[in-house]
Amino acid sequence: NPNRRPFWSNVQTSEQRFGVLGFDPEKITIDGNDEDWKDVPINQEKEGLGQLKIDQDESYLYLNFNYDQAMNASKIAFLIDTLPNQGNQQINHLTGSPSLKENGLEFMINIDLSEAQESRLLVDTSYDYHTYLYGYLNDMLELSEPMPSTSQGDFTTLKYALNREYWIPDQEVLVPFEDYETGRLRPGNSDRQSQDFNSLTDYHINYDDRIIEVRIPWLLINASDPSRKEFLNQFNIDGEEGERFAKGEDIKVGTLALSADNDILDSIQNIEDNEIEALSSYTWENWEVPDSRPYLKQAYYDLADLFETVE
């Protein structure tokens with residue numbers, strides 16, 4: 001929503017975050033340390049599986065999952081329902097294709113607990129804005145099959161465009177359309193004081209203390225204005241275009257423990273007759289004055305060192 005861009009920080013855009021001074025609040029440091037979470041209430045828990053805490057700021061949605069020592073899973077899946085009356089009510093890629101009793105899933109976050117750490121964010125195929133914009137509306141992607149008009153239980157990888165197709169006249173070269181998987185999550189450490197600091201960190205697994213921390217940029221889950229809980233509406237492919245944005249009251253979240261073959265080993269939410277019960281609610285206060293914390297980026301210190309060598 002262009003009228004609300006000053007009210008939140010869009011980590012995904014190429015049009016912000018320039019310079020050597022940053023202003024993001026960075027409420028939670030993704031480093032596997034629970035210190036930032038001590039005052040955050042538990043959102044959901046189950047003995048033998050673990051407990052989940054959720055928080056947010058102007059830039060990210062944060063998850064902290066402290067899993068039980070007895071848990072023996074290869075992956076943890078977080079189920080995300082951002083808006084009511086849309087989203088997948090079935091999860092086809094999980095064994096048995098379980099359904100959801102009260103929720104529809106727009107997104108799934110799969111955290112790989114193995115050393116490979118092949119973690120990613122998946123999106124409902126009918127809510128995939130990349131395919132909708134570049135495949136359905138602008139015919140820049142070759143689609144193997146038509147984009148579904150309604151949720152059908154399928155998820156896909158989340159991609160962004162790197163460049164559109166363009167022609168270089170003096171070289172007579174046609175550069176093809178390129179995209180990349182932006183939903184592939186990067187393990188790392190977001191602590192700016194740490195030697196292994198990485199500003200691109202999406203998640204961190206502390207195997208010793210059994211802590212998983214995740215931060216998801218708001219735009220990755222199609223938020224158009226998190227300060228008012230506003231998200232992109234479901235795309236209307238078969239009919240007239242409706243309202244582009246929709247305001248919700250909360251986000252619904254669920255937690256599954258999975259095997260390497262996508263069997264459900266355990267769930268914080270009850271599962272009866274292959275149906276996942278209602279997900280837990282997380283909400284936050286709307287804001288009109290965004291929080292900020294100015295800080296010097298590493299580039300500042302690198303430039304300072306460089307200028308010291310200039311006579």
Assess the side chains of W37 and E213: does a donor N or O sit below 3.5 Å from an acceptor N or O?
yes

Does either side chain, that of K75 or that of N262, offer a donor lying less than 3.5 Å from an acceptor on the other one?
yes

Distance-only side-chain donor-acceptor flag, S99 / Q89, under 3.5 Å
no

Assess, by modelled atom type and distance only, whether the side chains of S281 and D250 contain a donor and an acceptor separated by less than 3.5 Å.
yes

Please tell me whether D261 and S259 have a donor and an acceptor in their side chains that are separated by less than 3.5 angstrom.
no

Are R120 and E181 side-chain neighbours, meaning at least one heavy-atom pair lies under 4.5 Å?
yes

Between E26 and Y60, do the side chains contain a donor N or O and an acceptor N or O under 3.5 Å apart?
no

Pair D154, T125 - check side chain to side chain donor-acceptor pair (under 3.5 Å), show working.
CA-CA 6 Å; D154 296 320; T125 53; 5.0 Å; no

Quiz question: by atom type and distance under 3.5 Å, do the side chains of D191 and T29 form a donor-acceptor pair?
no

Between Q12 and T182: side-chain donor-acceptor atoms closer than 3.5 Å:
yes

Residue pair S151 / S126, side-chain donor-acceptor N/O under 3.5 Å:
yes

Between N88 and Y127, a side-chain donor and acceptor under 3.5 Å
no

Looking only at side chains, do Q44 and Q51 share a donor and an acceptor under 3.5 Å apart?
no

Partner set under side chain to side chain contact (heavy atoms under 4.5 Å, CB included) for E35, not counting sequence neighbours:
N33, K38

Is the count of non-hydrogen atoms from other residues, nucleotides or ligands lying under 6.0 Å from K229 atom NZ greater than 12?
yes

Side chain to side chain contact (heavy atoms under 4.5 Å, CB included) involving A278 - partner list, sequence neighbours excluded
E102, N103

For N270 and E272, does a side-chain donor sit closer than 3.5 Å to a side-chain acceptor?
no

What ring pair (Phe, Tyr, Trp, His ring centres under 6.0 Å) pairs are there with at least one residue in residues 146-193, not counting sequence neighbours?
H93-F155, Y134-F177

